[in-house]
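Remember, predicted model here, so these are calculated numbers, not experimental data. Index from 1, following the sequence.
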Amino acid sequence: MDDSPTRHGRLWNWLDLRVGLSELEKLARKKEIPVHRHSIWYYFGGMTLFLFLVQVATGILLLLYYRPSAEEAYESVQFLMAEVEFGWLIRSIHAWASNLMIFTLFVHLFSVWLLKAYRPPREVTWLSGIGLMAIAMGFGFTGYLLPWNELSYFATKVGTEITGVLPLAGAFLRRLLRGGDEVTGATLTRFYGIHVAVLPALTVLLLGLHLFLVQRHGMSVPPRVERRNAPKPVMPFFPNFLLRDLVGWLSALAVLAALAAYFPWELGKKADPFAPAPIGIKPEWYFMFMFKTLKYLPSYVLGVEGEVVGVVGFGLGGLFLLLIPFLDRRTARGEPGRLFTWIGVVVLLYMLVLTWLGYTETPTQ
Ligand code: HEM
């Protein structure tokens, strides 16, 4: 292929002199993607990124009408849905894309886990990924309250109550999140600030690091493919893989458009802090496995309150997840080992079964 700069137009040459476009072009041309039977999993990081961009775009549009106070939040969303042209659709896309993004994020996480892509030198890519997952769940938790409807109000009450169970810092954290002892307008204002300023800023930092590292190290191959004494086929990133990535993005867009248009996100009733909690309060699906675990635990386990055991257990689980690249020494040394694969499979099954139970069991309280 002709690589001479004259092939490009004048605008390209003008920009190239000032921002170094040909460097980027060289980088994109050099990048190669391994081809093997697990290559399909490489698409999920890109799909997550695409859905995140959808969130940024629709979130900005929602901000044009949203008002972050207990007196006006519900009414502003109601106005947006009833009066603003396509307002209902933008809100529906934002709500559905957040769920789809967390879904593709989980698929990305478990594929990276099971294919051991966290092994050296990608430990920091993994750490930044776990940070991004925590942020994504934070986005979900804080965003859920913003319409100030009955369901979100009580789910936030339960969610922040659970934070309060943590030993030592629990009571402080609960007050910090709620902006007082109860879930009130102060909580809404805080959640709004976290949702539209704190978390986006943290995301830019961590996502920048994550994508930089992915670029720096290139895509990993699964250990089994790496150990094979056979040629390892690759495909150029540009344009071959990028076009395939686009298919992933368009598939995500198709699912998103269908869900948002056929199942518009509902608003429900306005929150009434003095009303009794409705039966069957449920968190978002991605918190369900934790919520259900806490429900199943007995009141006391070995003399310690069941909820405390559950919350501390999840905290330790999170720490374990973060440290996987440093705990899985066999994989780090390039030796075959199945322990961490099995742990991944068990964790995945546990989450699936408890989520399923959360949606199928009849609520009693
Ligand atoms: C907002 C969230 C995230 C975005 C937008 C994102 C994006 C990406 C993209 C575009 C890639 C390259 C393509 C691919 O492998 O799919 C990638 C790779 C990677 N991601 Fe993420 N990611 C996110 C969260 C996570 C999480 C939660 C983890 C796990 C803890 C993680 C760990 C990794 C690792 C280790 C790689 C390198 C994969 C390899 O070299 O084979 N990421 N990420």
Side-chain angles (χ1 to χ4, degrees), residues 34 36 38-39 41-42 44-45 48 102-138 162-163 165-170 202-203 205-228 286-290 292-294 297 301-302 304 308-355:
H36 47 78
H38 297 294
S39 294
W41 302 110
Y42 292 148
F44 283 88
T48 312
I102 293 195
F103 176 74
T104 55
L105 180 69
F106 275 147
V107 176
H108 178 53
L109 186 151
F110 277 101
S111 64
V112 164
W113 183 343
L114 298 179
L115 295 175
K116 315 271 173 87
Y118 52 73
R119 64 195 192 282
R122 295 182 179 75
E123 297 96 323
V124 180
T125 320
W126 173 270
L127 293 179
S128 59
I130 295 291
L132 285 168
M133 186 194 68
I135 290 176
M137 292 175 100
I162 292 172
T163 327
V165 171
L166 263 176
L168 305 174
L202 291 176
T203 309
L205 286 178
L206 275 190
L207 192 55
L209 175 65
H210 197 70
L211 297 181
F212 166 75
L213 290 174
V214 169
Q215 184 58 41
R216 186 172 166 80
H217 297 305
M219 302 306 299
S220 70
V221 275
R224 255 201 233 174
V225 178
E226 199 169 59
R227 280 195 291 269
R228 229 180 270 151
Y286 38 89
F287 292 118
M288 186 57 101
F289 72 98
M290 294 192 256
K292 213 60 196 158
T293 307
L294 295 179
L297 280 170
V301 182
L302 301 171
V304 183
V308 177
V309 173
V311 173
V312 171
F314 281 119
L316 293 177
L319 189 65
F320 172 79
L321 190 66
L322 189 73
L323 295 179
I324 285 179
F326 309 99
L327 297 173
D328 187 1
R329 299 316 305 159
R330 287 184 72 98
T331 301
R333 285 195 298 264
E335 296 164 13
R338 290 189 167 262
L339 177 63
F340 281 77
T341 314
W342 280 114
I343 297 177
V345 171
V346 169
V347 169
L348 182 59
L349 286 177
Y350 181 81
M351 287 169 67
L352 287 174
V353 170
L354 284 221
T355 307

- So, Lys116 and Ser220: side-chain donor and acceptor under 3.5 Å apart, yes or no?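 Checked: Lys116/Ser220 side chains show no N/O donor-acceptor pair below 3.5 Å.
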
- Task: Please report the shortest heavy-atom distance between Glu123 and Pro325, naming the atom on each side.
- Result: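 Heavy atoms of Glu123 and Pro325 come nearest at CG-CB, 3.7 Å.
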
- Contact summary for Met351 and Phe110, nearest pair of heavy atoms: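 Scanning both residues completely, I find the closest heavy atoms to be SD-CZ, 3.9 Å.
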
- With a cut-off of 6.0 Å (strictly less than), are more than 12 heavy atoms of other residues, nucleotides or ligands near CZ of Phe103?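 Result for CZ/Phe103: open.
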
- Answer yes or no: does atom CG of Leu349 have more than 12 heavy-atom neighbours from other residues, nucleotides or ligands under 6.0 Å?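 Atom CG in Leu349 is crowded, with more than 12 foreign heavy atoms closer than 6.0 Å.
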
- Indicate yes or no: at least one non-hydrogen side-chain atom of Tyr42 is less than 4.5 angstrom from one of Ser111.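 Result no, sub-4.5 Å side-chain heavy-atom pair not found.
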
Please check: side-chain N/O of [X] versus main-chain N/O of [Y], any donor-acceptor pairing under 3.5 Å?
{"X": "Arg330", "Y": "Glu335", "answer": "no"}
{"X": "His210", "Y": "Ser128", "answer": "no"}
{"X": "Lys292", "Y": "Phe287", "answer": "no"}
{"X": "Trp126", "Y": "Leu321", "answer": "yes"}

- Task: State whether Glu226 and Arg119 are salt-bridged, where the test is any N-O pair (Lys NZ or Arg NE/NH1/NH2 against Asp/Glu carboxylate O) under 4.0 Å.
- Result: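 Between Arg119 and Glu226 there is a salt bridge, with a charged N closer than 4.0 Å to a carboxylate O.
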
- Task: Using the test side-chain contact (heavy atoms from CB on, under 4.5 Å), find all partners of Arg228 that sit at least two apart in sequence or belong to another chain.
- Result: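 Once residues adjacent in sequence are excluded, the partners of Arg228 under the side-chain contact (heavy atoms from CB on, under 4.5 Å) criterion are Val225.
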
- Message: Applying side chain to side chain contact (heavy atoms under 4.5 Å, CB included) to Phe340 and Leu114, what does each step give before you reach the verdict?
- Response: CA-CA 8 Å; Phe340 281 77; Leu114 298 179; over 6 Å; no

